[in-house]
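Reading through the structure tokens given below for one structure.
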Number of protein chains: 2
Amino acid sequence: MGVAERKEREKEVLREQILTAAKTLFLEKGVEKTSIRNIADLIEYSPGSIYHYFKDKDEIFYALHQGGFQQLMTKMLVINDLPHPMERLKAMGSIYVQFGLDNPDMYDLMFIKEAPLDHVARTKALQWNEGEATFKFLRSTLRECMEQGYFQGHEEETLSFLIWSTVHGMVSLQIRRRCEVVLADRQDTIVKDGLNEFFNILDRQFS
Amino acid sequence: MGVAERKEREKEVLREQILTAAKTLFLEKGVEKTSIRNIADLIEYSPGSIYHYFKDKDEIFYALHQGGFQQLMTKMLVINDLPHPMERLKAMGSIYVQFGLDNPDMYDLMFIKEAPLDHVARTKALQWNEGEATFKFLRSTLRECMEQGYFQGHEEETLSFLIWSTVHGMVSLQIRRRCEVVLADRQDTIVKDGLNEFFNILDRQFS
DNA sequence: AAATGTAATTGAACAGTGTTTAAAAATAAA
DNA sequence: TTTATTTTTAAACACTGTTCAATTACATTT
């Protein structure tokens, strides 16, 4: 009868509970300081039971990091309203940077921490679907810019990587606190300022 | 008489031994997987004795990260042979990237890991001397480029941060394995290719 | 309704972590 | 030789991720 299906649903509910608890703890303490026992305490189950729903800790944080890409991708969709590809490219940069600064722990998990990639490597998936989709989105936007005459003489994939690296570099230096000591007085504005300088340079890459 | 000085020297010797052991282990396993007990085993002392020479684990890895900056700075000095500031700037980029790719764990510790900055924060030093010196080196080179007519209309500090971010972004995406999944087929060359694209863009920033 | 089989849950254990501390050993000064 | 100081140690504390045999809960079959 429908009993197997109901059980399946119940199992899914607890899986979600674990993820919600994990996300709550992770957003206030980060990955390292969120323990399996912390998660178990919060959902009022024993630590061992977590392992009936997730293979290991990395799998939990891989699932969370997937949610982060969902979030980021949703925010990215607003660029479709912009007519000019160059505006879309810059808007992508702004959204990416803003996402990183607004959600430092999630950004950390998505683009800095090894945990999610360790999981990808172990499942022998050989591909990081979330990252790949985001990168392809950047590539196609850049291609449109090139079709309009921007970035002549550049190679699409390489330039996409370079642009990604630039915004990632700014966000990650900020997140991992390399700015607050080197650029103490401009802590809050340096990333936005840097992004604007970047946009100026990009704008000049016409013809 | 000279007994206090001798003791001081002996203490320094053991301090160095600890650092050497820590470095050995850290270079083959990374920070997280190098434990105080591992270090103690290697120098054949008890774990507790380490705490007579270092306040905590972060202090040990802060000391190691200082050595990394020494290394990087030494490599950077060869740019003084280059007559044109723009060549010096590009050489700095190449050396920085090469250092990161050649010494991923050390780079990780210097520019990605939180441990050394945690120590900086706790000692209330309020400044990260190693990072500051490196950044100032970049700034002064960039200033010379600007004096020669490059990067007109840009602000020195902001542009320095942008350039640093770009090279750091490429290295850190590579080191934290975000390339090997998104750009699998170009894994070994993508950073060098990206750097060359970057140099092309920089060269065009004249007048 | 009782017995059986299956899935979920538990608590205890394992082997590790950074760190603290009281006691012991080693060394220096009196 | 005694006293004082420094160095070293073992043990303990409170954690960590993970495994596993035993228990509980529940669905199916007799």
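A note on names: the letters A, B, ... follow the listed sequences, proteins ahead of strands, and every chain is numbered from 1.
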Identify, with sequence neighbours excluded, every residue that meets salt bridge (Lys or Arg N to Asp or Glu O under 4.0 Å) alongside D203(A). K90(A)

Side-chain donor-acceptor distances from residues 17-28 of chain B under 3.5 Å, at least two apart:
unit_1	atom_1	unit_2	atom_2	d
T20(B)	OG1	E16(B)	O	2.7
T24(B)	OG1	T20(B)	O	2.8

Shortest side-chain distance from L14(A), nucleotide among dT7(D), dT9(C), dT18(D): dT9(C)

Considering residues at least two apart in sequence or located in another chain, which fulfil the side-chain contact (heavy atoms from CB on, under 4.5 Å) criterion with S160(A)? F135(A), L138(A), R139(A), L142(A), E156(A)

Whether S49(A) contacts dT10(C) is assessed here as follows: a side-chain N or O lying under 4.0 Å from the phosphate OP1 or OP2. Is that the case? yes

Which residues share a salt bridge (Lys or Arg N to Asp or Glu O under 4.0 Å) with E32(B), sequence neighbours left out: K113(B)

Side-chain N or O of K57(A) versus OP1/OP2 of dT18(D): is the shortest distance under 4.0 Å? no

Can you name the side-chain contact (heavy atoms from CB on, under 4.5 Å) partners of R37(A), sequence neighbours left out? S35(A), P47(A)

Using five base pairs at each end to define the local axes, how bent is the helix from dA1(C)-dT30(D) to dA30(C)-dT1(D), to the nearest 10°? 30°

Hey, does the side chain of Y51(B) come within less than 4.0 Å of dT9(D)'s phosphate (OP1/OP2), counting only N and O? no

Counting N and O atoms only, with roles assigned by atom type, does the side chain of R88(B) sit under 3.5 Å from a partner on the main chain of I79(B), one being a donor and the other an acceptor? no

What residues in residues 31-47 of chain B put a non-hydrogen atom under 4.0 Å from any atom of DNA chain D? R37(B), Y45(B), S46(B)

Which atoms of nucleotides 21-25 of chain D (N or O only) lie under 3.5 Å from a protein N or O atom, and what are those distances?
none

Does the plane of the ring in Y107(A) sit parallel, tilted or perpendicular to the ring in Y96(A)? Use 30° and 60° as the thresholds. perpendicular

Starting from P on dT8(D), measure out to CD1 on I50(B) and report it in whole angstrom. 11 Å

Please list all pairs meeting side chain to side chain donor-acceptor pair (under 3.5 Å) that have one or both residues in residues 68-82 of chain B, counting only residues at least two apart or in different chains. none

Taking any heavy-atom pair under 4.0 Å as a contact, classify F54(A): base, sugar-phosphate, or nothing. nothing

Contacts of type salt bridge (Lys or Arg N to Asp or Glu O under 4.0 Å), residue E132(B), not counting sequence neighbours: none

Among pairs that include at least one residue of residues 41-52 of chain B, which meet side chain to side chain donor-acceptor pair (under 3.5 Å), considering only residues two or more places apart or in two chains? none

Distance-only donor-acceptor pairs under 3.5 Å for side chains of residues 190-202 of chain B, two or more places apart:
unit_1	atom_1	unit_2	atom_2	d
K192(B)	NZ	Q98(B)	OE1	3.4
D193(B)	OD2	R186(B)	NH2	2.9
N196(B)	ND2	K192(B)	O	3.4
E197(B)	OE1	H154(A)	ND1	2.2
E197(B)	OE2	E155(A)	N	3.0

